[in-house]
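A quick write-up on the structure given underneath.
Keep in mind that what you see is a predicted model, and the values were worked out from it rather than measured.
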Amino acid sequence: MFRWQARFESGSVDRWTPWCFALVLIVVLFAEAMSRAHSLDAGVDLAAAFQARWLILHGHPADITVTGSHLLAQHFPIAFYPTAWITNVLPVQATLLGVQAASIGLGIVPVWRIARRHANLRVGVTFVLALAYAMSPPLNSLHLADFHPAAVAVAPLLAATYLGLEGRWRWFAVMALLAVAWSAELGLVIAGLGGLFWLQGSPVQGRRAVIAGLAWPLLAVTVFERHFGSTGFIAPDAFAAFGSNLPGVVFGMLLHPGHVLVEVLAEDNLRLVTVLLAPLLFLPLLAPRYLLPALPLQLLYLVADVPKVGNEVGLPITIFAFVAAPFALARMGRIGFERVRVDRRLVTSLLVASLAFFASDAPNSPYRRPWAWARTDSVDASRHLAVSFVGPAAAVRASDSMLPLVANRVHVYAVASEENPASGIIEPASDAFDGARLTADDVEAVLLDRSGDARNPQVLATLDLDLELRGFANVFERDGISLFVRVKNP
C-alpha cells in the first residue's frame with residue numbers, strides 16, 4: 001500500500017494526470033455542447049457569434065443585428081477576430097464550441113498544479129478538487145449557454161494565477177493578455193491578481209499588474225468601444241443609478257456608499273453567492289486572500305443593474321473559488337512527512353456536496369438526460385425545412401431555436417417581447433407582440449417556432465392575419481413552425 005501511495009505521489013503522476021483529466025472533460029463538454037446545438041436548443045448568443053463570424057469573413061463591420069450592437073461595443077473581445085478567421089477553414093460550430101470547451105477543460109491543469117505545488121495537498125484530495133471543478137454547476141451552465149467570449153478566458157485566468165504564484169512573469173503576462181483579449185472587463189481581475197502578488201512578496205510585478213489591469217478596461221470603455229456604438233462597463237446603463245458617465249458613476253458610488261452596500265447585499269446577490277460557493281462547502285472563505293482577484297469585478301457585477309441569473313455574472317468568484325479552496329483545505333489539514341493530510345471526512349463531504357449540487361443544479365445533470373440531446377424529432381426536421389425556403393440574402397426575423405440556422409447574413413433579428421426586448425426571447429405565454437414589431441427593420445421573412453406555444457389558437461390566428469395584412473404570406477406551416485414571406489408592401 002505504501003508503495004502504491006508513493007507512486008501516486010510521484011512527479012510523473014503530476015505530469016500526466018491533470019492533462020488526461022482535462023482531455024476527458026474537454027471531450028465531454030464538447031460532445032454535450034454539440035449535441036445541444038444539433039437538437040436546436042441553442043439560441044441568441046450562438047446566433048450572434050455565427051453572424052459576427054460571417055460578417056468578419058465577408059468584409060462587413062461586425063454589427064450584430066441579433067443583439068443590436070457591434071461585436072466590439074461590449075467587452076471588446078478582439079480575440080474573436082482570429083478565431084473567426086480560423087473558421088474559414090474549420091467547421092464554424094465545432095470550432096467555436098470546441099474553443100470554449102477547451103478553455104474550461106484546461107482550467108483543471110492549473111487548479112491541479114496549485115493544489116499540489118503551492119497548497120502541498122496529496123493526490124487524493126487534489127483529485128476530488130478536480131472532480132468538483134469538472135462538476136461545477138456555474139462552469140457547466142456557462143459552457144452550455146451557447147458561446148460566451150468570457151468563457152474562453154477561464155483557462156488563461158487560472159494559468160495566469162498559477163504562473164504568477166510560480167514567479168514566471170513573462171508567461172503570466174502572456175496569459176493575462178490572452179484573458180483580457182476575450183473580455184476587457186477581466187482587466188480588473190488582472191489588477192486583483194497584481195494586488196495578491198503584491199501581498200505575496202512581489203511588489204514590482206504586482207504594481208505592474210495593477211496598473212495594466214486597471215488601464216486596459218478604462219481604455220476599452222472610454223476610448224475604443226465608443227467608436228462602435230452604445231457602450232458601457234458590463235452593460236449599457238448598468239450603473240445609471242449612480243451617474244450617466246464614468247466619472248459620474250465613480251463619484252456617485254463614493255458619495256453614496258450606503259446605496260452601494262444595499263445593492264451588494266440584495267437578496268438576489270446573496271442567493272447567487274450562495275449558489276457559487278456552496279458546492280465547495282464555502283471552503284474558499286477560509287482563504288480570503290486568494291479570493292481577492294475576483295472581488296473588484298464581482299462586486300461591480302453585483303451592483304450593476306443586470307440580471308443576476310446571467311452565466312457570466314458569477315464567473316470571477318467561480319474561478320477563484322477553485323484557487324482559494326486548495327489553500328483552505330491545506331489550512332484545515334495536518335502537515336505529514338511531505339504533504340498536507342486532510343481529514344477524509346472533510347474530503348468525502350466535499351465530494352458529496354459537489355455531486356449533489358451537480359445533480360440538482362447543473363444543466364447537464366443526469367436528471368436532464370444529456371445523452372438524449374443529440375436526438376432530433378419531427379419539429380427539428382420542420383425547422384430545417386422551413387429555413388431552406390428562406391433566401392440567402394433575405395432580412396429575417398426568427399425565433400430563438402432557428403436563429404443559428406439563419407445567422408449567416410447581414411440582417412437577422414430575434415423575435416423580441418415587450419417584457420424583455422433586448423434579449424430577443426419571446427415568452428410562450430405572452431400576447432405582447434404583433435405584426436408591426438415582427439415586420440420592422442424591413443424584414444422580408446418571419447420564422448416563428450410555436451411548437452411549444454400554449455396560447456389560445458385564436459390569438460395565433462389573429463397574429464397570422466395581422467402578418468397577412470402587412471403583405472406577408474404563410475408559405476410553410478408544420479409542427480408549429482411557420483414561415484411568412486413578404487409578397488407585397490402593405
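Remark: the D14 side chain and the W112 side chain contain an N/O donor-acceptor pair separated by less than 3.5 Å. Checked by atom type, the side-chain pair R53/T87 shows a donor-acceptor distance below 3.5 Å.
When side chains are defined from C-beta on, Y162 counts as touching R117, because their heavy atoms get closer than 4.5 Å. Side-chain contact between L139 and H143 is absent, with no heavy atoms from C-beta onward closer than 4.5 Å. Here the side chains of E263 and H259 are in contact, with some heavy-atom distance below 4.5 Å. Proximity of F320 to V189: side-chain heavy atoms (C-beta onward) are separated by under 4.5 Å at one or more points. A 4.5 Å side-chain heavy-atom check between L186 and W216 finds every atom pair outside the cut-off. With a 4.5 Å cut-off on side-chain heavy atoms, M332 and V340 do not count as touching. By the 4.5 Å heavy-atom criterion applied to side chains, R271 and L276 are not counted as neighbours. Counting only heavy atoms from C-beta outward, the side chains of R383 and S401 approach each other to under 4.5 Å.
Between F50 and F147, the ring centre distance reaches or exceeds 6.0 Å.
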Take F197 and W169 through the test ring-ring contact (aromatic ring centres under 6.0 Å, His included) and record every step on the way to the result.
-> CA-CA 11 Å; F197 300 142; W169 300 112; 5.4 Å; yes

Could you go step by step and tell me if F21 and F127 meet the ring-ring contact (aromatic ring centres under 6.0 Å, His included) rule?
-> CA-CA 9 Å; F21 208 139; F127 189 81; 5.3 Å; yes

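Taken from CG in L280 to CG in L286, the straight-line distance is 11.5 Å, to the nearest 0.5 Å.
Taking the six-membered ring where tryptophan is involved, the planes of F76 and F224 are essentially parallel, since the angle between them stays under 30° and well short of 60°.
The closest donor-acceptor contact from the side chain of Q100 to the backbone of D146 lies under 3.5 Å. The closest donor-acceptor contact from the side chain of S103 to the backbone of A155 lies under 3.5 Å.
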